[in-house]
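In what follows, a single structure is set out as structure tokens and then discussed.
One-based numbering, in listed order, for ligands and for the atoms of each.
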Amino acid sequence: MTNLRAVKGMNDVLPAEIGRWHRVEEAFARTMTLYGYREVRTPLVEPTPLFVRTVGETTDIVEKEMYSFEHRGEALTLRPEGTAGAARAYVEHNVHGVEPVTKWWYRGAMFRAERPQRGRYRQFYQLGAEHLGDPGPGADAEMIDMLVSFLGAIGVRDARVLVNSLGSGESRAAYRAALAAYLEGKRGALSEDSQRRLSTNPLRILDSKDPRDQEAVRGAPGLHEHLTDADREHFRLLRAHLDELGTPYTVDERLVRGLDYYTRTLFEMKGATDKLGAGDTLLGGGRYDTMVRDLGGPDVPAIGFAAGLERLVIASDVEVRASATDAYVAPLGAAGVGVALVLGRDLRRQGVRAEVDARGSSLKAQLRRANALGARIALILGDEELAAGAVQLKDLDARTQETLPREQAVRVVADRLRGGRVEST
Ligand code: HAM
């Protein structure tokens, strides 16, 4: 029988790696709290039409990457991203009726049937946030600046910020027509996919990785020439605010991103290219001023972003010293196991992380394991200690050892750990 393996593109994260994940997640949660975001949890499964209507029928995600299935007559999809579900929940729970501005953050698994490579998976985790009820551009600038600080906090030193404005529906329609007319003249030079996109979604051709398409769009009209005055002013103010904040950025007029719901502000941040190669987009986001209305809610503007957690973990340069326990209780024979279990429990009651080794292995093997787990203290229970009602305390950091009456052991260990290193994974 062949062994069962994880589904292609879906990964296990083993405890040896989880410390790095926690550092990133904790830094993110701290940032979110500082900026007034509250956590929201929405389902992993949503009705398929939610994504078709928001992400867009002709996007790569909806056309070929969704895990969709029918269950008891309902068309369902494993969420490929978090914004649509958050907006659905916002409308469904009438949140706009309770508060004028809503700031939500989330973390969780997303699913896209993409071709797996480093930093690109079929199940991946996103850290994201949605800010509803503020038309910007102040909110937009603050979000971008917040994300630059966050990337700095997790040790991504070379983050590059790209911004663009897609304009509102009116600007986009004008640009779409101009771009389609231009590319129609080059139809034969486009990839097969893009020839099809010409009638369905010409903006996506700007985003194509195919060299034929990249060559064809080189002389294409610029998006910004087609922005309305109001859109142009919105984008000017965004840049002015970023300048006031001292946030470095580059305007990339070709930045379109792979989701159809965007309006006006768009941004991406790239970094750690040495580690991530071509998949170095750490996060992306933008404004989606019409989604709430499109989902049957009121006219509420919104902006948000999501970051790929795996990519952040790879990019993050923060050193993590993981320790799984503080105190290691080592009975040297079966006779000491009962006493060891009691000591272990009493240490935990004092908030001390403790590990009891009840395997009855040798002192050497037990100390090796204590070190491997990153314990600072070992409590050894040999025959002599048991007979005397004592315990031997070995400070593995300070390399000292002493014998204590057993009833003092918990207090001494707790005090010593409190005064010294505090570790958590
Ligand atoms: P997105 O650009 O599709 O935007 O994804 C955001 C980030 O998720 C990407 O920059 C990347 O870091 C990560 N990511 C995407 N696909 C994969 C994958 N297959 N494997 C690993 N990481 C991946 C969104 O999802 C929007 N919902 C962002 C947003 C929120 N816009 C407004 N609000």
Side-chain angles (χ1 to χ4, degrees), residues 7-11 13 24 28 37 40 42 46 50-51 54-56 59-62 64-67 78-90 102-132 136 139-140 143-144 147 150-151 154 156 159-162 164 166 204 207 255-273 275-292 301-316:
V7 175
K8 184 172 171 197
M10 304 199 180
N11 301 313
V13 183
V24 174
F28 186 71
Y37 286 80
V40 66
T42 62
E46 294 278 0
L50 175 67
F51 302 112
T54 57
V55 172
T59 56
D60 283 355
I61 293 179
V62 170
K64 47 191 181 202
E65 295 171 0
M66 295 208 301
Y67 287 91
L78 297 184
R79 63 180 184 190
E81 60 101 54
T83 309
R88 181 210 36 77
Y90 177 85
T102 297
K103 291 162 107 175
W104 284 352
W105 71 270
Y106 51 87
R107 81 178 138 205
M110 308 291 159
F111 301 86
R112 295 183 194 174
E114 295 196 76
R115 201 157 45 80
Q117 61 183 55
R118 184 163 177 74
R120 193 203 284 155
Y121 313 102
R122 293 185 170 174
Q123 175 178 318
F124 59 100
Y125 289 83
Q126 279 187 347
L127 299 174
E130 312 297 344
H131 181 170
L132 300 108
D140 310 17
M143 180 173 277
I144 292 169
L147 289 165
F150 164 64
L151 291 180
I154 60 166
V156 180
R160 303 182 299 289
V161 180
L162 304 176
N164 193 20
L166 277 185
R204 299 283 304 132
D207 214 18
L255 180 68
V256 287
R257 302 191 26 74
L259 303 119
D260 276 356
Y261 51 63
Y262 289 121
T263 51
R264 293 191 160 170
T265 307
L266 274 187
F267 59 90
E268 278 185 359
M269 298 190 194
K270 295 176 185 284
T273 311
K275 298 179 190 159
L276 284 160
D280 63 349
T281 305
L282 301 173
L283 60 88
R287 195 154 267 296
Y288 49 98
D289 288 341
T290 60
M291 190 193 294
V292 171
I303 183 165
F305 69 89
L309 182 49
E310 290 84 353
R311 295 184 191 190
L312 294 180
V313 170
I314 295 170
S316 164

Between [X] and ligand 1, does any nitrogen or oxygen pair lie at a separation below 3.5 Å?
| X | answer |
| --- | --- |
| Arg257 | yes |
| Glu130 | yes |
| Gly82 | no |
| Leu282 | yes |
| Glu310 | no |

Heavy atom under 4.0 Å from ligand 1: found in [X]'s side chain, backbone, both, or neither?
| X | value |
| --- | --- |
| Arg122 | neither |
| Glu114 | side chain |
| Leu259 | side chain |
| Tyr261 | side chain |
| Met110 | neither |
| Gln126 | side chain |
| Thr281 | both |
| Phe305 | backbone |

Gly258 near ligand 1 by a heavy-atom separation under 4.0 Å: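 False for this residue.
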How far is atom 31 (N) of ligand 1 from the closest protein heavy atom, and which atom is that?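 Of the protein heavy atoms, Tyr262 OH, 2.7 Å lies nearest.
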Where ligand 1 meets [X] - atom numbers and elements under 4.0 angstrom, heavy-atom basis:
| X | answer |
| --- | --- |
| Glu81 | 25 (O), 26 (C), 27 (N) |
| Thr83 | 26 (C), 27 (N), 29 (C), 30 (C), 31 (N), 32 (C), 33 (N) |
| Gly285 | 31 (N) |
| Leu283 | 10 (O) |
| Gly284 | 10 (O), 28 (C) |

Determine the interplanar angle of the Phe305 and Phe28 rings, folded into 0 to 90°, and report it as parallel if under 30°, tilted if 30 to 60°, perpendicular if over 60°.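 Phe305 vs Phe28 ring planes: perpendicular.
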Is there a side-chain contact between Glu130 and Val40, using heavy atoms and a 4.5 Å cut-off?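 They are not in contact (no side-chain heavy atoms under 4.5 Å apart), so the answer is no.
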Pairwise side-chain contact, Leu147 with Val161, heavy-atom cut-off 4.5 Å (strictly under):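 In short, these two side chains do not touch, never coming nearer than 4.5 Å.
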Taking [X] for its side chain and [Y] for its backbone only, find out whether a donor-acceptor pair lies under 3.5 Å.
| X | Y | result |
| --- | --- | --- |
| Arg112 | Pro80 | yes |
| Arg120 | Arg115 | yes |
| Asp289 | Ala302 | yes |

Test Leu151 against Leu312 for side chain to side chain contact (heavy atoms under 4.5 Å, CB included), laying out the working first. CA-CA 8 Å; Leu151 291 180; Leu312 294 180; 3.7 Å; yes
